There are 2 protein chains.
Amino acid sequence: MAANDNTVNIRAPKGGYHHGDLRVALIATGLKKLEESSAESLSLREIAREIGVSATAIYRHFPDRDSLLSALAAEGLAQLAREQKAAGKAGGKEGFTEMGRAYVRFAMNNPALFRLIYSSLPAAADLNCVNPEDSPGWLLRQSIANLAGPKASDAQRKAGVLRAWALVHGLAMLILSGQIAPKDIDQLINEVVSVDSLKLG
Amino acid sequence: MAANDNTVNIRAPKGGYHHGDLRVALIATGLKKLEESSAESLSLREIAREIGVSATAIYRHFPDRDSLLSALAAEGLAQLAREQKAAGKAGGKEGFTEMGRAYVRFAMNNPALFRLIYSSLPAAADLNCVNPEDSPGWLLRQSIANLAGPKASDAQRKAGVLRAWALVHGLAMLILSGQIAPKDIDQLINEVVSVDSLKLG
DNA sequence: CGGCCATGTTAGTGCTGTAAACATTATTTG
DNA sequence: CAAATAATGTTTACAGCACTAACATGGCCG
């Protein structure tokens, strides 16, 4: 059971049991592979080969392929959250816009990982339930909370969050699928993702 | 070459040469499979089995798996365009909003197909180059053209199209990946996709 | 020290996409 | 109309894949 869930293995960080820290190595190598190819084409055997371990060793740490992918997605989500937090540090309008920029930029810099996070894997949907404060939606909500005027209703804020999230997510996805030429991303975001369009009241 | 591209086979509709109209059957069966499972899990052999043809017969019509998927995506895109056109028929604000609704609803009714259309397949990106007037972006542009005031600049219209497309696309994708509970879609779209937020000047 | 459990390996199964060679039918042409 | 040719489909084969079962090995705790 400890090997079946997607939490970061507790005893792993100590390092070194039987033949090295395979779980961590699997995730690290998996993430590396995702930098160069899609999640679909990611092969367990290839990862095992690269680590220098037998093809079936992985099953001591993940019950199946999808579990590894979920772990990779969780890692990616955490990274995205970190970058979003850092970008939004300034707070206010500026911080909010920077968060959106960070979101799109993360997608462009890690297309396969970003796609994996928002794949149709049922586990992917549960990711932000596991760690709600790492959900982009949550971060946006916080950032919007002290951005909206006090007269804004809860419904307005909620709609604002959804609008903002959908906007940056759609922008990211359309860029990744080649529908939008990513000529000048910063300018693009400036044009498209203006705070005013969120109608926060 | 005639069998390698993604155009609809010209002579096929006549029906019946060697052992039936395989190309059409492959696409039809592929689309049917996509109603119940993802594109990743779609198997050529399974399709062939269902049609009652040998596993390799497909290679007389498509050079490889990705080519079939591209053809399916093209079919899906055409269908999406049809539904968008029909929805936007009314014109004006109302037609524009209905187009957005149709976009999201199509995604929800055909999740695997919608994902396939906007997958990372290089061929998918070229789809709307093949048939530009079937591109959702193009349809939105047209709809926005006679919606925006005459004082709106080209840049404003362009940004408006992008905003609208990103908004509905992001909404659709977030719903498909389970990030947004699809409780009441119509209301959701009303809240999120309001024409006013497009800043058409 | 001895047993146990976590971790790893080897061997094997059935699936997959795809290539090569062959077979059959439709179409074109002499 | 018959023979040649092109289009379409089949059989066989291969390598890669995820995954299972049985066995091996090493570290940890009594």
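Here the structure is a predicted model, which means the values were calculated and not measured.
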| request: Check every atom of dG8(C), dT11(D), dG17(C) against the side chain of Tyr59(B) and return the nucleotide holding the closest atom. | output: dG17(C)
Nearest-angstrom distance from the residue atom [atom1] of [X] to [atom2] of [N]:
X        : N       : atom1 : atom2 : result
Leu68(A) : dC17(D) : CG    : P     : 15 Å
Asp66(A) : dC19(D) : CG    : P     : 7 Å
Glu50(A) : dG16(D) : CD    : C1'   : 17 Å
Asp21(A) : dG27(D) : CG    : P     : 15 Å
Leu22(B) : dT25(C) : CG    : C1'   : 14 Å
Ile58(B) : dA19(C) : CD1   : P     : 12 Å

| Pick the nucleotide of DNA chain C nearest each of Gly52(A) and Asp64(B); which residue has the one closer to the 5' end? | Gly52(A)
I'd like to check [X] versus [Y] (side-chain heavy atoms, cut-off strictly below 4.5 Å). Are they in contact?
X         : Y         : result
Arg157(A) : Asp154(A) : yes
Phe106(B) : Ile117(B) : yes
Lys32(A)  : Glu50(A)  : yes

| field | Approximate separation, where rounding is to 0.5 Å, of Tyr103(A) OH and Leu167(A) CG | value | 11.5 Å
Quick test: give all pairs of protein nitrogen or oxygen and nucleotides 21-23 of chain D nitrogen or oxygen below 3.5 Å, distance rounded to 0.1 Å.
| residue | atom | partner | partner atom | Å |
| --- | --- | --- | --- | --- |
| dA22(D) | N6 | Arg60(A) | NH2 | 3.3 |

| According to the interplanar angle, ranging from 0 to 90°, do the rings of His169(B) and Tyr118(B) count as parallel (below 30°), tilted (30 to 60°) or perpendicular (above 60°)? | perpendicular
| Which salt bridge (Lys or Arg N to Asp or Glu O under 4.0 Å) pairs, counting each pair once, include a residue from residues 102-124 of chain A, with sequence neighbours left out? | Arg105(A)-Asp186(A)
| field | Side-chain ion pair, Glu98(A) and Arg101(A), N-O less than 4.0 Å | value | yes
| In terms of side-chain heavy atoms, does Glu75(A) have a donor or acceptor partner in Gln79(A) at a distance below 3.5 Å? | no
| message | Contact list please: residues 29-48 of chain A against DNA chain D, heavy atoms, distance less than 4.0 Å, in numerical order. | response | Leu42(A), Ser43(A), Leu44(A), Arg45(A)
| query | Is it true that atom NZ of Lys85(B) has more than 12 heavy atoms of other residues, nucleotides or ligands lying nearer than 6.0 Å? | reply | yes
| query | Taking OP1 and OP2 of dA7(D), is either one under 4.0 Å from a side-chain nitrogen or oxygen of His61(B)? | reply | no
| Any side-chain N or O of Arg49(B) less than 4.0 Å from the OP1 or OP2 oxygen of dT16(C)? | yes
